[in-house]
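Input: a single structure, listed below in structure tokens.
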Amino acid sequence: MPPGLNPAQQDAVKTLKGPLLVLAGAGTGKTRVVTHRIAELIRSGVKPDRILAVTFTRKAAGEMQERASGLLPKKRKRTNKQAESKKEPRPEISTFHSLCVRILRRHISKLGYPERFTICDRSDQESQARSALREIRAPNAVIKPADLLGCISRWKMGSVLPPDAIGLAETDRDHLAASAYRRYQNNLKKAGVVDFDDLLLLTEQLFVNFPTVRRDEAGRFDHILVDEYQDTNHSQYEIVRGLAMGHRNLCVVGDDDQSIYAWRGAEVTHILRFKEHWPDAKVVRLEDNYRSQSPIIDYANTLIAFNKERHEKRLVPFRIGQAKPRIIQMKDESEEAQRVVADIQQLLEHGGWGLSGEARERFLQENGRDAQVRPSDIAILFRTNEQPRAFEAELRAANLPYVLIGGMSFYDRREVRDVMAYLKLIANPDDEPSLLRILNCPPRGIGDGARKRLVETAVERAVPLWHVLSSGRELPQITDAARRGVYELRDTIEGWRQQAASTPLPKMVERVLSDVRYHAELARLYQDPNDREARTAAIEEVVNAAADFESKQGAKTDGLGLVPDFLDEIATGDRSDSDDKENQLNRDAIALMTLHAAKGLEFPHVYLVGMEETILPHKRSIDMGEVAVAEERRLAYVGVTRARDRLTLSMALTRRKWGKSRDTLPSRFLYEMTGQADNPRYMESKRGKKEPAKGTHKRSTSSKAKSRKANR
DNA sequence: GCACTGACCGTTTTT
DNA sequence: CGGTCAGTGC
């Protein structure tokens with residue numbers, strides 16, 4: 001990237017007042033603009049702590065923080081750095097979710113929730129969904145917990161509350177789901193538990209129903225900046241509006257072409273209609289792409305032009321290059337993996353591109369580095385999580401270092417979740433999902449029978465489960481062993497709650513582990529020493545994370561100490577916490593990840609694999625129709641624009657699914673980006689249909705392209 | 001209360 | 001094919 005800012009970038013940086021929409025295409029220096037703008041605001045006299053920047057991921061927030069602090073005037077004397085950074089006001093840079101947690105911590109009681117709420121995760125949600133369905137006696141065949149969660153999530157994303165959902169229900173099934181939703185929500189509320197969608201939804205409700213709260217929160221900032229605005233859902237839109245409507249100093253940055261989260265409630269309309277929502281808004285377009293070589297940009301532009309609903313823009317490549325993206329076609333998915341891995345091996349051994357002599361010299365001159373490729377320069381991107389399997393196997397066989405980004409995260413592991421459940425109970429013993437989780441783990445004599453009776457009693461008395469254990473009232477008829485277990489558990493948790501304020505956080509975690517004899521439990525459960533060691537290490541990591549958190553936050557000796565704060569941090573943080581994803585990407589290894597996980601990243605060499613109908617436009621999206629396919633196209637666009645130097649698109653002619661192998665069709669996006677499909681938007685259809693794939697197979701792909709088009 | 005077994009069933013992405 | 005879950009036997 002050239003030094004300094006180009007005129008468009010400067011325009012975006014220097015426009016400090018009023019609504020501003022920055023349409024920033026892929027690789028156009030968006031992050032740079034955002035951080036420079038923050039610095040510019042401060043330079044112009046805005047107090048740093050009057051600025052709020054909102055991002056979607058923890059990682060983006062961290063990155064922005066780091067870059068922005070590099071740009072801020074460095075007037076600090078090099079004395080006591082810690083004390084200094086504490087009192088020096090800084091811009092607030094946080095994710096939507098942690099922003100909402102902080103707002104809810106102040107006001108949630110107005111919505112009838114207990115102040116000490118805890119945040120539950122996906123599998124807690126599942127168990128809550130299950131019990132809600134049990135309560136209304138919905139047969140499992142009609143609606144499964146996962147289906148219910150899907151409905152609930154969709155409702156919440158559209159700000160639909162249980163009564164509305166019941167009103168809207170047309171089919172019996174909807175009705176069932178709606179009444180389960182009501183149960184689910186009531187149960188969570190009673191237990192003082194909020195799920196992930198609630199963080200946003202409840203904040204929105206606060207703003208809408210309590211204007212004083214909205215004004216109060218809005219009054220904390222004079223300038224608001226929202227990154228990845230194309231990903232805002234309804235609640236986020238309302239929250240942003242509520243915060244910015246007073247001063248109107250709202251800058252949103254995003255790229256409608258990279259909106260890939262509609263399924264999670266994101267509405268592109270927010271960025272498409274920004275001018276309508278804020279009529280005095282200024283619009284700045286960033287279209288100079290500094291990332292990718294021109295042939296890659298050509299593909300990207302041609303592809304995305306097939307989408308109808310978008311802000312018209314066209315990436316202009318800054319880096320002119322010759323290497324066209326390659327398309328390779330293999331017999332099946334295992335050959336696809338073999339071929340890609342062999343290619344990578346070649347790349348690593350012989351330097352990028354297999355360049356030599358003069359070409360290599362030129363590369364060095366143009367790019368300021370040798371064509372030498374390191375594993376971390378390479379990424380394999382795919383649509384679905386089953387795809388990486390074959391690649392992992394091949395990479396392992398070839399003894400190449402790789403990291404699978406995403407997948408099971410640290411905080412999803414069973415043992416870690418157990419520990420977290422205990423900690424959540426310290427913060428909020430009414431948290432029923434957590435209490436149920438550890439009720440008999442490690443085993444303390446409370447079997448299924450006892451558990452069932454305890455829950456029944458809680459429902460009968462209409463109190464949280466914890467009250468049944470702790471209120472001193474008669475326990476239901478359970479075995480003596482169960483009774484002893486219940487009392488022991490109750491006393492232990494009450495003891496922790498008393499010690500929490502006076503005990504350092506990591507000590508507290510250790511105490512929990514030793515009080516419940518968790519290590520012994522691990523030893524009992526996992527005889528295999530390797531397994532046991534891994535799991536012990538995992539809970540050790542929780543202690544470390546606690547220690548890290550405490551040293552970052554500073555100790556707290558009132559209330560429940562740092563326990564609640566720690567839990568908030570973990571729940572809203574990017575699940576693979578600070579060191580994980582970051583370190584993984586820094587480790588010199590080939591990155592394997594989904595297209596969704598790749599947003600915002602870039603790699604010199606990108607392999608976009610599985611370019612087939614039913615995978616890249618995913619079958620489900622194809623079935624759903626044009627709008628869904630448009631999102632798949634954006635996904636492909638995101639993948640293509642991750643590549644700096646070389647892009648390789650690959651597909652398999654047959655693919656095994658559940659044991660059976662089936663023929664595939666090349667992704668329509670291959671035809672589109674190579675100019676072999678007619679773009680109805682530009683009637684300049686290109687003649688001369690070439691094979692999109694240079695594979696060795698005889699199959700006529702172009703005839704298929706024709707027949708596909710005929711079907712439209 | 002727990003470990004083992006076989007039947008069944010599924011297609012996406014995740015803050 | 002591989003994961004999940006209910007059901008069985010200790």
Side-chain angles (χ1 to χ4, degrees), chain A residues 54-61 94-101 119 121-122 125-126 130 140-141 144-147 149-150 153 156-157 195-201 227-228 231-233 235-236 259-266 333-334 381-387 389-390 405-409 411-412 439-451 479 481-482 485 524-525 527 570-576 581 593-600 610 612-624 628-629 631-632 634-636 638-639 655-662:
Chain A
V54 193
T55 63
F56 279 76
T57 66
R58 189 66 151 338
K59 191 173 148 268
S94 63
T95 63
F96 260 107
H97 291 269
S98 56
L99 176 73
C100 290
V101 170
I119 304 160
D121 61 27
R122 175 75 200 184
Q125 286 185 45
E126 255 161 49
R130 196 161 289 134
N140 209 303
K144 292 193 207 56
D147 302 336
L149 282 182
S153 177
K156 288 191 177 181
M157 288 181 311
D195 66 24
F196 236 81
D197 297 317
D198 283 336
L199 291 176
L200 303 173
L201 183 59
D227 194 14
E228 308 280 17
D231 289 335
T232 43
N233 66 22
S235 301
Q236 285 161 330
S259 159
I260 54 176
Y261 284 106
W263 51 273
R264 211 169 65 190
E333 75 278 349
S334 70
L381 308 181
F382 38 84
R383 171 74 236 258
T384 70
N385 274 318
E386 54 159 9
Q387 284 170 267
R389 259 169 237 229
I405 311 261
M408 225 222 322
S409 101
Y411 291 102
D412 289 340
L439 198 59
N440 199 35
C441 166
R444 50 175 70 85
I446 312 176
D448 278 348
R451 173 203 190 85
T479 62
R524 186 181 69 85
L525 245 36
Q527 262 97 30
I570 303 259
T572 58
D574 166 306
R575 322 162 32 183
S576 41
K581 190 161 174 179
M593 67 186 100
T594 63
L595 288 163
H596 286 88
K599 195 166 75 161
E612 296 147 36
E613 289 288 302
T614 77
I615 295 193
L616 194 32
H618 193 273
K619 174 136 182 6
R620 245 165 123 139
S621 301
I622 296 172
D623 292 346
M624 280 190 297
V629 172
E631 175 147 320
E632 299 281 322
R634 292 192 289 267
L635 212 40
V638 166
R655 192 169 285 269
R656 294 178 86 80
K657 196 138 249 188
W658 310 330
K660 289 189 292 279
S661 112
R662 289 194 45 178

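The figures that follow rest on heavy atoms only: side chains count, while hydrogens, waters and symmetry mates do not. Small disclaimer: the values here were computed from a predicted structure and weren't measured.
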Is there a side-chain contact (heavy atoms from CB on, under 4.5 Å) between A:Phe56 and A:Thr95 once you walk through the steps? CA-CA 5 Å; A:Phe56 279 76; A:Thr95 63; over 6 Å; no

Is the distance from OP1 or OP2 of [N] to the nearest side-chain N or O of [X] less than 4.0 Å?
| X | N | answer |
| --- | --- | --- |
| A:Arg620 | B:dT12 | yes |
| A:Thr614 | B:dT11 | no |
| A:Asn385 | B:dT11 | no |

Side-chain ([X]) to main-chain ([Y]) donor-acceptor, under 3.5 angstrom:
| X | Y | result |
| --- | --- | --- |
| A:Arg383 | A:Leu595 | no |
| A:Arg634 | A:Ser259 | yes |
| A:Glu631 | A:Ala262 | yes |
| A:Asn440 | A:Gly445 | yes |

Nucleotide of [options] approaching [X] most closely (side-chain heavy atoms):
| X | options | value |
| --- | --- | --- |
| A:Pro443 | B:dT13, B:dC2, B:dT12 | B:dC2 |
| A:Phe196 | B:dC2, B:dT15, B:dT13 | B:dT15 |
| A:Thr594 | B:dT13, B:dG10, B:dT12 | B:dT13 |
| A:Trp658 | B:dT15, B:dT13, B:dT11 | B:dT11 |

What is the distance, to the nearest angstrom, from the [atom1] atom on [X] to the [atom2] atom on [N]?
| X | N | atom1 | atom2 | answer |
| --- | --- | --- | --- | --- |
| A:His618 | B:dT14 | NE2 | P | 12 Å |
| A:Leu635 | B:dT14 | CG | C1' | 13 Å |
| A:Leu149 | B:dT12 | CG | C1' | 17 Å |
| A:Asp147 | B:dT12 | CG | P | 12 Å |
| A:Glu632 | B:dT13 | CD | P | 11 Å |
| A:Leu199 | B:dT15 | CG | C1' | 10 Å |
| A:Lys619 | B:dT12 | NZ | C1' | 13 Å |
| A:Glu613 | B:dT11 | CD | P | 20 Å |

Output for pair (A:Thr614 OG1, A:Arg662 CZ), nearest 0.5 Å, gives 7.5 Å

Determine the Euclidean distance between corresponding P atoms of C:dC5 and B:dT12; express it in Å to zero decimal places. 16 Å

Side chain to side chain donor-acceptor pair (under 3.5 Å) with A:Lys156: of A:Asp198, A:Asp197, A:Asn233, only one passes, and it is A:Asp198

Is A:His596 stacked on the base of B:dT13, with ring centres under 5.5 Å apart and planes under 30° apart? no

Under 3.5 Å, is there any donor-acceptor pair linking the side chain of [X] to the base of [N]?
| X | N | answer |
| --- | --- | --- |
| A:Trp263 | B:dT13 | yes |
| A:Lys657 | B:dT11 | yes |
| A:Arg383 | B:dT13 | yes |

Regarding [X], tell me which of base, sugar-phosphate or nothing describes its non-hydrogen contacts under 4.0 Å with the strands shown.
| X | result |
| --- | --- |
| A:Arg634 | nothing |
| A:Leu616 | nothing |
| A:Asn440 | sugar-phosphate |

Between A:Trp263 and A:His596, does a ring-ring contact (aromatic ring centres under 6.0 Å, His included) hold up when you go through it step by step? CA-CA 12 Å; A:Trp263 51 273; A:His596 286 88; 5.7 Å; yes

Whichever of A:His97 and A:Thr384 has its nearest DNA chain B nucleotide further upstream toward 5': A:Thr384

Outermost DNA chain C nucleotides near chain A [under 4.0 Å, heavy atoms]: C:dC1 to C:dG2

Check ion pair A:Lys657-A:Glu386 (N to O, under 4.0 angstrom): yes

